[in-house]
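Reminder, nothing fancy here: chain letters follow the sequence lines and each chain counts from 1.
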Amino acid sequence: MPELPEVAYQKMYVDSTSLHQKIIKVDCGAKKLFQSPQKDFEVKLLKNEFTATKQIGKYLLLELKNSGYLVIHFGMTGKLDYFKHDEVDKHAHLTLTFDNDAKFSFICPRKFGKLFLTESVEAFREQQDLGPHATDIGEKEFQKLFDGKKGSVKTALMDQSFIAGLGNLYVDELLFHSGIHPKSKAEKLNDKEISSMYKNMKNVLDTVFKSKTEGNPIPKTYLRPHRTEGENCPNGKGKIEMIKVGGRSTYFCPECQEIK
DNA sequence: AAGACTGTTACCTA
DNA sequence: ATAGGTAACAGTCT
């Protein structure tokens with residue numbers, strides 16, 4: 001569930017289901033997900049309630065009525081569930097019971113997710129060394145990020161301290177729409193190319209979020225449904241190739257994407 | 001049935 | 001010292 005648009009969807013889900021209900025029970029699962037002692041979570045959350053939500057990159061912050069936040073990072077497979085039946089998912093690692101008998105679970109099969117407690121959004125942002133949230137940043141600011149930036153453009157865009165919220169899928173996607181090869185050096189990109197990445201980043205994040213909320217599939221013109229070696233490029237020219245960049249499987253079209 | 005997977009980070013090598 | 005690459009985490013799916 002993990003890049004910016006999916007977390008935005010989880011945020012919307014919490015806003016529409018889980019605010020303003022008193023927590024009367026706290027059940028914790030695998031210890032490794034908890035970044036403070038589980039006892040602290042129990043003490044903090046019990047008799048409390050969520051009042052609002054905030055997102056920074058891939059992190060979702062749930063504001064608590066009596067101060068502070070519960071922060072969720074979804075790892076590769078995390079998601080939230082608000083439900084009224086009895087069975088709790090076997091991969092639920094934090095389950096809250098509200099005073100209306102509804103329950104709230106953080107489900108995380110691969111246990112790559114993380115749970116934090118923090119008192120301040122800004123303090124948390126600094127602790128995690130998070131760059132600007134990808135959908136908030138303006139074009140000028142985005143341009144400025146690339147001043148003196150080294151390494152491949154894909155590695156840069158995946159770096160959460162550089163810009164927060166992009167991951168493997170949507171970096172590939174925005175580079176595809178921008179016609180830029182993922183191994184291009186960040187310092188070689190000119191203003192026009194950076195501007196193109198900016199526009200495509202916004203557009204991709206927006207389109208993916210809307211697909212998700214409206215229940216539509218990702219557009220066929222996107223790289224996302226074609227992440228297979230040898231598949232025809234949706235633009236109709238080349239065949240999709242797979243390489244490793246920054247340790248991650250990277251799909252691109254050698255005909256459409258030029259190395260800079 | 002081996003290998004891939006939307007993320008992060010510790011650890012290695014140059 | 002620093003940057004870049006790799007393995008590891010752990011479960012599910014193909």
Distances for protein N/O vs nucleotides 12-14 of chain C N/O pairs under 3.5 angstrom?
unit_1	atom_1	unit_2	atom_2	d
C/dT12	OP1	A/H91	NE2	2.8

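For A/K32 and B/dA10, the NZ to C1' distance is 13 Å, given to the nearest whole Å. As rounded to whole Å, 17 Å separates atom P of C/dC9 from atom CD of A/Q35. Taking atom NZ on A/K154 and atom P on B/dG7, their separation rounds to 9 Å, with Å as the unit. Rounded to a whole Å, the CG atom of A/D129 is 10 Å from the P atom of B/dT9. Atom pair A/Q127:CD and B/dT8:P shows a separation of 16 Å (rounding to whole Å applied). Rounding to whole angstrom units, CD of residue A/E229 and P of B/dG3 are separated by 14 Å. Counting to the nearest Å, the C1' atom of B/dA14 and the NZ atom of A/K150 are 14 Å from each other. For the pair A/R227 CZ and B/dC5 P, the interatomic distance rounds to 7 Å; values are reported in whole Å.
You'll find the side chain of A/Y69 stays beyond 4.5 Å of the side chain of A/L117, heavy atoms only. You'll find the side chain of A/F50 reaches within 4.5 Å of the side chain of A/L64, heavy atoms only. Taking the side chain as every heavy atom from C-beta outward, A/S36 and A/F116 never approach each other to under 4.5 Å. Between A/F74 and A/F112 the shortest side-chain heavy-atom distance does not fall below 4.5 Å.
Remark: A/E139 engages A/S195 in a side chain to side chain donor-acceptor pair (under 3.5 Å) (not counting sequence neighbours).
A/F146 and A/F142 have perpendicular rings, their planes meeting at more than 60° on a 0 to 90° scale where under 30° would count as parallel.
Using modelled atom types and a 3.5 Å distance limit, the side chains of A/S105 and A/Y82 yield no donor-acceptor pair. In this structure, a donor-acceptor pair under 3.5 Å is absent between the side chains of A/K185 and A/S152. A donor and an acceptor atom, one from each side chain of A/T53 and A/K11, are located under 3.5 Å apart. For the 3.5 Å distance criterion, the side chains of A/K202 and A/T135 fail to qualify, holding no donor opposite an acceptor. Remark: the A/E6 side chain and the A/Y170 side chain contain an N/O donor-acceptor pair separated by less than 3.5 Å. Side chain to side chain, A/N190 and A/K260 fail the donor-acceptor criterion of an N or O pair below 3.5 Å.
One finds a salt bridge joining A/K154 and A/D172 here, because a Lys/Arg side-chain nitrogen approaches an Asp/Glu carboxylate oxygen to under 4.0 Å.
Side-chain nitrogen and oxygen atoms of A/K58 include at least one within less than 4.0 Å of the OP1 or OP2 phosphate oxygen of B/dT8. Between A/H73 and B/dT8, a side-chain N or O to OP1/OP2 separation shorter than 4.0 Å is present.
Listed by residue number, the members of residues 239-254 of chain A with any heavy atom below 4.0 angstrom from DNA chain B are A/R248, A/S249, A/Y251. Residues of residues 161-171 of chain A having a heavy atom closer than 4.0 Å to DNA chain B, listed by number: A/G167, A/N168, A/L169. At a non-hydrogen distance threshold of 4.0 Å, A/F112, A/K114 from residues 111-119 of chain A come into contact with DNA chain B.
Note that OG of A/S184 is 8.5 Å distant from CE of A/M197, once rounded to the nearest 0.5 Å.
Among the heavy atoms of the strands, none lies under 4.0 Å from A/R224.
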Subject >> CA sep, side-chain torsions, deciding dist, call: A/H226, A/E231, side chain to side chain donor-acceptor pair (under 3.5 Å) >> reply: CA-CA 6 Å; A/H226 306 278; A/E231 180 120 344; 3.1 Å; yes

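Taking hydrophobic clusters as Ile, Leu, Val, Met, Phe, Trp and Tyr residues chained together by side-chain heavy-atom distances below 4.5 Å, A/F176 shares a cluster with A/Y251.
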Original post:
According to the Watson-Crick and G-U wobble definition with distances under 3.5 Å, which dot-bracket string, read 5' to 3', encodes DNA chain C, using [ ] for crossing pairs and | for pairs with another strand?
Top reply: .||||||||.||||

